[in-house]
Amino acid sequence: MTKAISRRKLITKGLAAAAGVSGLAATGLAMRRHGLIPPDHCGVYGPGETLTYAAQRLLTRHSLAREFPRSMISKRPFANEVAPPSDAFKRLQVNRFADWRLAVDGMVARPLSVSLSDLRALPFRSQITEVACEEGWSYIAEWIGTPLVEVLNEAGLLPQARYLVYFSIESNWWESIDLADALHPQTLLTWGMNDGDLPVPFGGPLRLRVPRQLGYKSVKYIVRLTAADSLKGFGKGLGSASPEAGYAWYAGI
Ligand SMILES: Nc1nc2c(c(=O)[nH]1)N[C@H]1C(S)=C(S)[C@@H](COP(=O)(O)O)O[C@H]1N2
Ligand SMILES: [Mo]
């Protein structure tokens, strides 16, 4: 057994014991202070979600998602079904997305509105990672994009910020991540795939790839990023659209 596994067991057991003895409510304050409570912690799956998130955050804050050799790139990657593009999307597509803008607002010193060419002018990174859907299928591709941290540095994230909320041009798709994922080097504002532009079915022109979490956190057609200190004011206050539909807010893999 590796050190990491035994430590994980220990922490999970410790948290479980604490939860058992005094109830999650009592340990909640200390855990909240250390950023260990996910926004969708309430409800039937609450204690389970909190244990998973807390154990992950204590153990894997800086760990890397697996990267694959070029030979393992999927020959026929599978784009999940997305709703047909809206008129707003089609209008931008006609112009080859020259007028696509990404708004960066909320708890930042300098709110931004950046074009795809602005983004491409920042340092970028290419990585070969897997998209894994919660329904069981997956594929491997090369993703090329600007690390989210570069854009957050441009905007000047304020010290109060704890979450990054991101919105698709499809109004029903929005998600959020904590700063451990937002500042993580593999979290990319992705505009390229397998050596070309990111194709529309895969989220082009702009998709946030969060390779340390399940596919649904990698939202396509990103138009807005908002830094926030709390997720209470967004949707039903559970952190994203996913818990509203029964999926966990934290979907670490
Ligand atoms: N805007 C938007 N983003 C989305 C989705 C979607 O329907 N719309 N589906 C999500 C889900 S459930 C998964 S598993 C992945 C699928 O990625 P793929 O289409 O590249 O296979 O995209 C995610 N991002
Ligand atoms: Mo999915």
Side-chain angles (χ1 to χ4, degrees), residues 38 40 45 49 52 65-68 70 72-93 97 100-104 116 119 125-146 148 163-177 181-182 184 186-226 234-235 238-253:
D40 59 341
Y45 300 110
E49 295 297 354
T52 307
R66 182 170 172 202
E67 295 192 19
F68 297 83
R70 195 157 284 279
M72 287 187 72
I73 291 177
S74 304
K75 298 281 176 296
R76 275 183 294 161
F78 174 73
N80 203 2
E81 260 186 43
V82 291
S86 61
D87 288 344
F89 185 92
K90 282 194 219 147
R91 273 195 298 274
L92 290 159
Q93 194 171 19
F97 304 117
W100 191 275
R101 291 293 178 275
L102 172 71
V104 185
L116 297 169
L119 270 181
R125 174 180 169 130
S126 146
Q127 62 203 22
I128 299 170
T129 57
E130 186 171 50
V131 171
C133 173
E134 76 294 348
E135 288 170 12
W137 50 266
S138 67
Y139 68 89
I140 293 169
E142 178 190 19
W143 306 94
I144 307 143
T146 309
L148 177 58
Y163 299 101
L164 209 276
V165 193
Y166 45 105
F167 301 88
S168 172
I169 198 168
E170 297 173 46
S171 53
N172 53 340
W173 275 92
W174 64 280
E175 273 292 343
S176 67
I177 45 180
D181 268 323
H184 190 275
Q186 290 176 312
T187 300
L188 296 191
L189 279 163
T190 302
W191 35 257
M193 181 184 178
N194 296 341
D195 292 330
D197 286 345
L198 181 63
V200 169
F202 292 95
L206 193 63
R207 175 180 197 174
L208 190 70
R209 274 287 291 134
V210 185
R212 300 201 307 170
Q213 297 203 40
L214 286 174
Y216 63 80
K217 302 294 282 194
S218 290
V219 174
K220 303 172 181 185
Y221 323 122
I222 294 291
V223 288
R224 183 175 165 216
L225 306 172
T226 300
F234 298 91
L238 299 175
S240 69
S242 300
E244 294 175 9
Y247 296 97
W249 170 77
Y250 181 69
I253 39 179

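Order of appearance sets the numbers: ligands from 1, and atoms from 1 within every ligand. Throughout, residue positions are numbered sequentially from 1 according to the sequence presented.
Nearest protein heavy-atom neighbour of atom 24 (N) of ligand 1: S218 O, 3.0 Å. Nearest protein heavy-atom neighbour of atom 19 (O) of ligand 1: K220 NZ, 2.4 Å. Scanning the protein heavy atoms around atom 21 (O) of ligand 1, the nearest turns out to be F78 O, 2.8 Å. Closest to atom 20 (O) of ligand 1, if we only count protein heavy atoms, is Y139 OH, 2.5 Å. If you check which protein heavy atom lies closest to atom 10 (C) of ligand 1, you get W173 CH2, 3.5 Å. The protein atom (non-hydrogen) at minimum distance from atom 12 (S) of ligand 1 is Y216 CB, 3.6 Å. Among all protein heavy atoms, the one lying closest to atom 23 (C) of ligand 1 is G215 O, 3.3 Å.
Between L102 and R224, the shortest heavy-atom distance links the atoms CD1-N, 3.7 Å.
Put simply, the side chain of R125 never gets that close to the backbone of L188: no donor and acceptor are under 3.5 Å apart. Judged by distance alone, with hydrogens and angles left aside, the side-chain atoms of K220 form no donor-acceptor pair with the main-chain N or O of I169 at under 3.5 Å. Of the possible donor and acceptor atoms, one in the side chain of Y221 sits under 3.5 Å from a partner among the backbone N and O of V200. A distance-only check finds no donor-acceptor pair linking the side chain of S242 to the backbone of W249 [under 3.5 Å].
Counting heavy atoms from C-beta on, the side chains of Y250 and E49 never come closer than 4.5 Å.
The shortest separation from a heavy atom of R207 to ligand 1 is under 4.0 Å, placing the residue in contact. Heavy-atom distances between W137 and ligand 1 reach below 4.0 Å in at least one pair.
The backbone and the side chain of C133 each have at least one atom closer than 4.0 Å to an atom of ligand 1 (non-hydrogen atoms only).
Applying side-chain hydrogen bond (donor to acceptor under 3.5 Å, both in side chains) to T129 and the options R66, E142, Q186, R209 leaves one that passes, R209.
Around atom OH of Y247, no more than 12 heavy atoms belonging to other residues, nucleotides or ligands sit under 6.0 Å away.
Every atom of ligand 1 is numbered from 1 in the order shown, and the set under 4.0 Å from a heavy atom of S168 is 1 (N).
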